[in-house]
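As structure tokens, the structure follows; a few thoughts come after it.
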Amino acid sequence: AQSVTQPDIHITVSEGASLELRCNYSYGATPYLFWYVQSPGQGLQLLLKYFSGDTLVQGIKGFEAEFKRSQSSFNLRKPSVHWSDAAEYFCAVGAPDSWGKFQFGAGTQVVVTP
Amino acid sequence: KAGVTQTPRYLIKTRGQQVTLSCSPISGHRSVSWYQQTPGQGLQFLFEYFSETQRNKGNFPGRFSGRQFSNSRSEMNVSTLELGDSALYLCASSLGTTFTDTQYFGPGTRLTVL
């Protein structure tokens with residue numbers, strides 16, 4: 001069964017600084033990988049996804065993620081953080097044998113300081 | 001295009017009661033998945049419906065059930081509520097025709113059990 005680990009529960013970053021959120025997955029084949037963001041009291045918004053092909057994926061809001069098969073990782077990055085990026089970020093993995101079921105990581109809370 | 005809508009947004013019930021939550025998917029989407037989100041357990045998959053049929057289910061007790069109507073709207077029912085059922089219930093819709101279809105989430109229903 002697939003699993004997802006987000007090692008960082010909480011990250012504090014200064015506005016304008018770069019951000020990297022870590023995600024490690026466990027799955028036998030190439031998984032379907034996603035990053036979602038959740039603002040307080042809101043549902044989840046898709047930032048980007050990876051299924052195959054180019055391992056560097058561009059998403060919305062200036063985010064990108066890189067798939068590294070050798071490290072079983074799918075880390076999310078943003079070069080310059082804005083105060084509006086404060087939210088909780090979830091990495092998720094889907095599998096080709098499991099309709100509708102994503103395995104989510106525990107989430108990383110991002111706090112942006114002035 | 002309208003997003004996924006969930007009603008009601010907030011609900012307060014007492015132990016032993018039952019509750020029904022509703023989810024209207026994005027127009028044209030035939031798959032609806034349900035998730036439970038709690039601070040302790042994170043996001044957990046409940047079940048997925050496609051064309052009125054349950055295709056997948058998670059590891060929840062039989063008190064949790066769902067159904068989907070011919071217009072793809074879905075309902076989730078929880079009977080004999082327990083304090084531990086207090087959570088944010090999220091539904092997500094997708095086309096549901098391939099495993100790579102993106103899931104789009106609604107804002108959730110916040111259920112509080114007293």
Side-chain angles (χ1 to χ4, degrees), chain A residues 1-10 23 25 27-54 57-60 65 67 74 87-109, chain B residues 3-7 9-10 23-26 29-51 53-60 66 68 72 74 76 88-110:
Chain A
Q2 67 268 34
S3 66
V4 180
T5 302
Q6 293 180 247
D8 305 305
I9 296 173
H10 187 275
C23 173
Y25 68 90
Y27 186 65
T30 300
Y32 306 139
L33 295 162
F34 305 81
W35 274 101
Y36 284 87
V37 61
Q38 185 177 35
S39 298
Q42 302 297 314
L44 279 70
Q45 181 183 22
L46 178 70
L47 288 174
L48 46 78
K49 59 188 178 183
Y50 173 79
F51 301 143
S52 64
D54 192 347
V57 181
Q58 301 298 320
I60 63 171
F67 172 66
F74 188 56
E88 191 157 21
Y89 292 79
F90 293 92
C91 181
V93 60
D97 57 351
S98 191
W99 286 109
K101 179 180 181 180
F102 285 1
Q103 190 72 39
F104 281 86
T108 298
Q109 185 71 47
Chain B
V4 178
T5 58
Q6 292 187 245
T7 56
R9 292 292 310 277
Y10 301 91
C23 174
S24 293
I26 292 171
H29 286 190
R30 294 162 64 191
S31 168
V32 173
S33 298
W34 288 89
Y35 289 82
Q36 181 195 64
Q37 186 178 23
T38 60
Q41 300 297 317
L43 282 148
Q44 294 186 288
F45 173 77
L46 282 153
F47 29 66
E48 187 259 5
Y49 285 86
F50 179 82
S51 291
T53 300
Q54 186 183 86
R55 283 195 303 195
N56 203 358
K57 68 189 297 285
N59 298 320
F60 277 80
Q68 187 180 36
S72 295
S74 176
M76 190 193 92
L88 181 66
Y89 290 88
L90 294 164
C91 81
S93 78
S94 73
L95 292 171
T97 53
T98 71
F99 292 113
T100 57
D101 290 335
T102 298
Q103 291 195 56
Y104 296 89
F105 284 80
T109 294
R110 171 74 63 185

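These numbers come from a predicted model, not from an experiment. Chain letters run A, B, ... following the sequence lines, proteins first, then strands; residues in each count from 1.
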- So what's closer than 4.5 Å to chain A heavy atoms on B:Tyr35: side chain, backbone, both or neither? side chain
- Query: For B:Gln41, is it the side chain, the backbone, both or neither that has a heavy atom under 4.5 Å from a heavy atom of chain A?
  - Reply: neither
- Task: Counting only heavy atoms closer than 4.5 Å, note whether A:Gln38 contacts chain B via side chain, backbone, both or neither.
- Result: side chain
- Task: Counting only heavy atoms closer than 4.5 Å, note whether B:Ser93 contacts chain A via side chain, backbone, both or neither.
- Result: neither
- chain B contact via A:Phe102 - which portion, at a heavy-atom distance below 4.5 Å: both
- Message: Counting only non-hydrogen atoms closer than 4.5 Å, does A:Leu44 touch chain B with its backbone (N, CA, C, O), its side chain (CB onward), both, or neither?
- Response: both
- Flag this pair as yes if the NZ/CZ of B:Arg110 is under 6.0 angstrom from the six-membered ring centre of B:Tyr10 and inside a 45 degree cone about the axis; otherwise no. no
- Query: How long is the span from the OH atom in B:Tyr49 to the SG atom in B:Cys23, to the nearest 0.5 Å?
  - Reply: 12.5 Å
- Task: Identify the residue among A:Phe74, A:Phe51, A:Phe104 that makes a ring pair (Phe, Tyr, Trp, His ring centres under 6.0 Å) with A:Phe34.
- Result: A:Phe51
- Item | Over all atoms of both residues, closest heavy-atom pair of A:Pro31 and A:Tyr25 | CG-CE1, 3.4 Å
- Item | Polar side chain donor-acceptor pair, B:Gln54 to B:Gln68, under 3.5 angstrom | no
- Task: Pick one of side chain, backbone, both or neither for A:Lys49, based on which atoms fall under 4.5 Å of a heavy atom in chain B.
- Result: side chain
- Message: Can you tell me which portion of B:Leu46 sits under 4.5 Å from chain A's heavy atoms? Options are side chain, backbone, both or neither.
- Response: neither
- Item | Structural part of B:Phe45 lying under 4.5 Å from a heavy atom of chain A | side chain
- Query: Hey, are B:Arg30 and B:Ser72 close enough side-chain-wise for a donor-acceptor pair under 3.5 Å?
  - Reply: no
- In this structure, are over 12 heavy atoms from other groups packed under 6.0 Å from A:Ile9 atom CD1? no
